[in-house]
Amino acid sequence: TQTTRPQRILAAVQKNATRGDPRSVVKAIDQFCRHKEWAMNVGDEKGCILDSVVTEVNPATVLELGTYCGYSTVRIASLLPSHAKLITLEFDPGNAAIARQVIAWAGLADKIQLVEGASGDWIPKLKEKFGIETFDLVFLDHWKDRYLPDTKLMEECGLLRKGSILLADNVICPGTPDYLEYIRNSPRYKSQYFKSHLEYTKAEDGLEKSVFLG
Ligand SMILES: Nc1ncnc2c1ncn2CCOCCNC(=O)c1cc(-c2ccc(F)cc2)cc(O)c1O
Ligand SMILES: [Mg+2]
């Protein structure tokens, strides 16, 4: 019977990456998606921008919206300080099952809490469920029409503090026009656009980095 794309990505990790070596997991996925089969990971080019933001923020608490196969989850977690925690929300149970195995292969399961469900349902529950006060960094990479409502929801739930960083993937392709309009015109954020390319292609895309001013 036919395998799914996430299953083929996991197979490539188990074949080509070293257990316990997150960078080899990232490299194996990039190799597979660049040379065998495109997939919607943030990818190597935008991934370098992600790495620089994570390193600069050095966050103790991270929220990722949209896990997919766990590529950016592993990429972020591999750069976190020892006590830091990353919570990642994935809607699709099949993707979540693959991501758990990719995360385990990378040896990062103790830093990562993968939660299955829709962002809109889970964001209001994160404080009580995980004892989180606020997030130092949020990586938005889920449904593009959920970026804006979920950002407003995070504000309302008190999950952002003065200095919290939002980093949004795909603000050009597929695009998040309502989110960009809001975040670039709100007096409560200071935004910066990092021009790049859609993963594994020559099409334009980019990341929008926004600081919550409180
Ligand atoms: N917990 C949650 N709550 C709500 N929703 C959730 C969720 N967890 C998952 N989801 C569902 C959505 O997850 C995947 C979202 N990502 C993308 O759709 C995406 C698409 C492209 C792309 C595709 C085709 C092209 F031609 C060009 C570009 C590129 C990217 O980099 C993308 O990230
Ligand atoms: Mg993306």
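Numbering of ligands and ligand atoms starts at 1, following listing order. These values consider heavy atoms only, across backbone and side chains, with no hydrogens, waters or symmetry-generated copies.
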Inset, instruction - Identify whether Leu80 and Ile165 are in the same connected component of the hydrophobic contact network (ILVMFWY, side-chain heavy atoms under 4.5 Å). - result: yes
Legend entry - Test: Asp44 and Lys27 ion pair at under 4.0 Å: no
Legend entry - Gly117, any N or O under 3.5 Å of ligand 1 N or O: yes
Inset, instruction - Pick whichever of Asp121, Leu198, Asp205 has a heavy atom sitting closest to atom 27 (C) of ligand 1. - result: Leu198
Inset, instruction - May I ask whether atom 10 (N) of ligand 1 is less than 4.0 Å from at least one protein heavy atom? - result: yes
Inset, instruction - Please find out if less than 6.0 Å separates the ring center of Tyr68 from that of His142. - result: no
Legend entry - Degrees at the Mg ion (ligand 2) between the OD1 atom of Asp141 and the OD2 atom of Asp169, nearest 10°: 100°
Inset, instruction - Report yes or no: does Leu65 have a heavy atom closer than 4.0 Å to ligand 1? - result: no
Inset, instruction - Please write down residue, atom name and distance for the protein heavy atom closest to atom 32 (C) of ligand 1. - result: Asn170 OD1, 3.3 Å
Legend entry - The one among Gly120, Ala96, Ser119, Ala203 that brings a heavy atom closest to atom 2 (C) of ligand 1: Ser119
Inset, instruction - Please confirm whether Lys15 makes a cation-pi placement over Phe32, using NZ or CZ under 6.0 Å from the six-membered ring centre and within 45° of the ring normal. - result: no
Legend entry - Transitive ILVMFWY side-chain link Val171 to Ile49, under 4.5 Å: no
Inset, instruction - Would you mind checking which non-hydrogen protein atom is closest to atom 6 (C) of ligand 1, with the distance to 0.1 Å? - result: Phe91 CB, 3.6 Å
Inset, instruction - Decide whether the shortest distance between a heavy atom of Arg146 and an atom of ligand 1 is less than 4.0 Å. - result: no
Inset, instruction - Report whether Val62 and Val115 are members of the same hydrophobic cluster (ILVMFWY, side-chain heavy atoms less than 4.5 Å apart, transitive linking). - result: no
Legend entry - For ligand 1, the portion of Asp169 having any non-hydrogen atom under 4.0 Å away: side chain
Inset, instruction - Output yes when Glu133 and Arg161 qualify as a salt bridge under the 4.0 Å nitrogen-oxygen rule, no when they do not. - result: no
Legend entry - Under 3.5 Å side-chain donor-acceptor pair for Tyr71 and Asp30: yes
Legend entry - Presence of salt bridge, Glu90 and Arg100, under 4.0 angstrom: no
Legend entry - Sub-4.0 Å atoms of ligand 1 with respect to non-hydrogen atoms of Leu89: 1 (N), 8 (N)
Legend entry - Trace of the salt bridge (charged side-chain N to carboxylate O under 4.0 Å, His left out) decision for Asp205 with Lys202: CA-CA 9 Å; Asp205 190 20; Lys202 292 184 167 41; over 6 Å; no
Inset, instruction - Look at atom 5 (N) of ligand 1 and say which protein heavy atom is nearest, naming residue and atom and giving the distance to 0.1 Å. - result: Trp143 CE3, 2.8 Å
Legend entry - Heavy atom of the protein closest to atom 23 (C) of ligand 1 (residue, atom name, distance): Trp38 CH2, 3.8 Å
Inset, instruction - Look at atom 29 (C) of ligand 1 and say which protein heavy atom is nearest, naming residue and atom and giving the distance to 0.1 Å. - result: Glu199 OE2, 3.2 Å
Legend entry - Under 4.0 Å to a heavy atom of Glu90 - the qualifying atoms of ligand 1, by number: 1 (N), 8 (N), 9 (C)
Legend entry - Residue and atom name of the nearest protein heavy atom (relative to atom 13 (O) of ligand 1), distance in Å to one decimal: His142 CA, 4.1 Å
Inset, instruction - Verify the cluster assignment for Trp38 and Val13: are they in a single hydrophobic cluster under the rule of side-chain heavy atoms below 4.5 Å apart? - result: yes
Inset, instruction - List the closest protein heavy-atom neighbour of atom 14 (C) of ligand 1: residue, atom name, distance to the nearest 0.1 Å. - result: Met40 CE, 3.7 Å
Inset, instruction - Examine Val26 and Ile98 and state if one hydrophobic cluster contains both, with Ile, Leu, Val, Met, Phe, Trp and Tyr joined whenever side-chain heavy atoms are less than 4.5 Å apart. - result: yes
Legend entry - Which segment of Lys144 sits under 4.0 Å of ligand 1 when only heavy atoms are counted: side chain
Legend entry - Contact check: Ser72 to the Mg ion (ligand 2), N/O/S below 2.8 Å: no
